[in-house]
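Read the structure below first, then the notes.
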Amino acid sequence: MIARLLEGVPRRGLVLLGLLLAALVVFPFFASGYLLTVGFLVLYFAYVGQSWNIMMGFAGQLSLGHSLYVGLGAYAAAALYVHFGVSPWIGLSASIAFSGLAGAVIGFLAFRFGVAGVYFAILTIAFAEFARIGFDHFAWVQGSSGFFLPVANYATNDLWNLRGSPTMFYYLMLAMSAAAFVLCHALVRSRMGYYWQAIRESPEAAEALGINVFRYKMAAVVISAAMTSLAGVVFAFYYNNLFPEQIFHISRSIELILGPIIGGIGTLVGPLVGALLLTGLAEGMREIMLQLKVDVPGVKQVFYGLCLLLVVMFLPHGVWPPLARRLGLERGGADGAARADEGKP
Amino acid sequence: MAVLLEVRGLSKSFRGLRAVQQVAFEVPEGSITGLIGPNGAGKTTVFNLVAGVMRPDAGEVRLGGTRIDGWRPDQVCAAGVGRTFQIVKPFAGLTVRENVTVGALRKSNDVSSAQRRADEILEKLRLGPKRGMLASSLTLPDRKRLEVARALATRPRLLLLDEVMAGLRPTETDQIVAFFRELNRAEGVTILLIEHVMRAVMALAQQVVVLHHGEVIARGEPAAVVRDPAVLECYLGEETEV
Ligand SMILES: Nc1ncnc2c1ncn2[C@@H]1O[C@H](COP(=O)(O)OP(=O)(O)OP(=O)(O)O)[C@@H](O)[C@H]1O
Ligand SMILES: [Mg+2]
């Protein structure tokens, strides 16, 4: 199993991954409280970016409504906890079920009736908006006035009920990001991963090779939605408050796809690199501005915009692919075969 | 010989344009059959109707006696039909080997055995040295070969080839003709090929079906068909590669 996972992975890549993991593990020992929350955000966006990437990067289906799955996941687990005292570890099955179902409904409507490309993207936005408006009037979770979890007692870490310090959440998010990374690595090299990429590159050719395009697109949406919903669970228990206007908002959907776009769509490392760059640097910028006593609102947004602009202009495939080449790592694809001779006759 | 593919009364119109009209022919199991005709005759449309890309307006398609018209392309493939696209559709962002592995996965238990099968096929089609290249960086003749490799990887009983020799040099044509003949002989794959390169059709096909304006105007042995006045008539003024 492990051997299978490692097959074809360059040794240098493994060493670098090991170093990165080690750095992330020891980070809380050196980081201040503020830096720790930044670290948490980086891992959070790495995780949701990775989840989104399954749909877009692997199967080529653009979702601009992933806040739907974050929100459903968050509300499901939080409501079960607040109303019935159900541990989030059990509640997350409801999160997965609701988000997976929502993904399945969207996928079914789109793929059965030939809604593709930008029209599919618009459909995903529409469903997130339905949810936002619906939850505004959903009295069981306090509608638009917001749903609150009892605030955590930071003195003890209760992992079972996800009540605890930012350090606990940091490590939880690290474990989830690492698991998502390994899962995506395994997925992209599996039969399903090959089929997804075939569908992404040419649905007609994929069909001609016997691939049930509808089924595999559905699988991509449902897996992506289910994974994303787990980020919602953590979000709910970390922030302890949920507002439909925020969690389902389209800006949240956009925010979570910037990481993988900047990092490199369809790559495994891209979502992490993108999250690191965007969150790390944006927060760093804010800190510097604070130190310099420059008080300009919207610095973060401008920075995001600039980053996107630069990457789109100079690195159309994202930061990671050229970086990987620089580091002597081949492009991460389904196949372990060397691509060194790429482009040569 | 048993009939593998049987087409009867097949018709398809595109907004009034009758691309395929009442087409009927049979492809015997184990044979190599040529489908020829001038540009726009409806050859590719016949393939699309057989492969399930389009639904016929009328008529039926039978594979080994089972009606397959109206089936989805993936179902037709599962039934044993492999096809290439005249306008090639490589998985551009994947390597040559990955392209063929996708096809090989259909009849393989796992990815590594599919990769081995892909390597075998690539070797036979002389694409072995290029397996690590992205499909997008291949030349057109190589992309056509990749189409063949990918379709073959699904282990079809019937292989539909749509102008895979266009753009090949004569020596390359001879090589691929030899490859198809060997494939047909050794593995018993039935082949239906659309081809403008008459040299290849004459060398390969035991039987030829000629389409013109969507209709079958002649059928028979290649040597007889090319002397048929109706065939000569429709090719008149057409540029034919003999
Ligand atoms: N999807 C389509 N929509 C509309 N018209 C089409 C479509 N496909 C084919 N046609 C038309 O149907 C006719 C037959 O086309 P087809 O591609 O089957 O010819 P062909 O014999 O393969 O020609 P060629 O040798 O040029 O490949 C042509 O007039 C073509 O323009
Ligand atoms: Mg054609």
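Protein chains get the first letters and strands the later ones, always in sequence-line order, with residue 1 at the start of each.
Around the CZ atom of B:R67, the shell of radius 6.0 Å holds more than 12 heavy atoms that belong to other residues, nucleotides or ligands. Atom CG of A:L306 sits in a crowded spot, with more than 12 heavy atoms from other residues, nucleotides or ligands closer than 6.0 Å. In B:R62, the CZ atom is crowded: over 12 heavy atoms of neighbouring residues, nucleotides or ligands sit closer than 6.0 Å.
The contact between B:A92 and chain A is made by backbone and side chain atoms together, counting heavy-atom distances below 4.5 Å. For B:S108, the part lying near chain A is the backbone, with the side chain staying farther off; criterion is any non-hydrogen pair under 4.5 Å. Interface remark: B:N109 contributes backbone atoms only to the contact with chain A (heavy atom separation under 4.5 Å). Only the backbone of B:D110 comes within less than 4.5 Å of a heavy atom of chain A; no side-chain atom from C-beta onward does.
Looking at heavy atoms from C-beta onward, B:R72 lies in side-chain contact with A:N212 at the 4.5 angstrom threshold. Between A:L209 and B:R150 there is a side-chain heavy-atom pair separated by less than 4.5 Å.
For A:A208 against B:P73, the heavy-atom pair with the smallest separation is N-CB, 4.5 Å. Residue A:G210 comes nearest to B:C77 through the heavy atom pair N-SG, 3.4 Å, listed as atom of the first residue, atom of the second, then distance. The heavy-atom pair separating A:S202 from B:F91 by the smallest distance is O-CE2, 3.6 Å.
The distance from atom CD of A:Q197 to atom OG1 of B:T101, rounded to the nearest 0.5 Å, is 11.0 Å.
By number of non-hydrogen pairs under 4.5 angstrom with chain A, the leading residue of B:E147, B:Q75, B:R106 is B:R106.
One N or O on the side chain of A:R191 and one on the backbone of B:L105 form a donor-acceptor pair closer than 3.5 Å.
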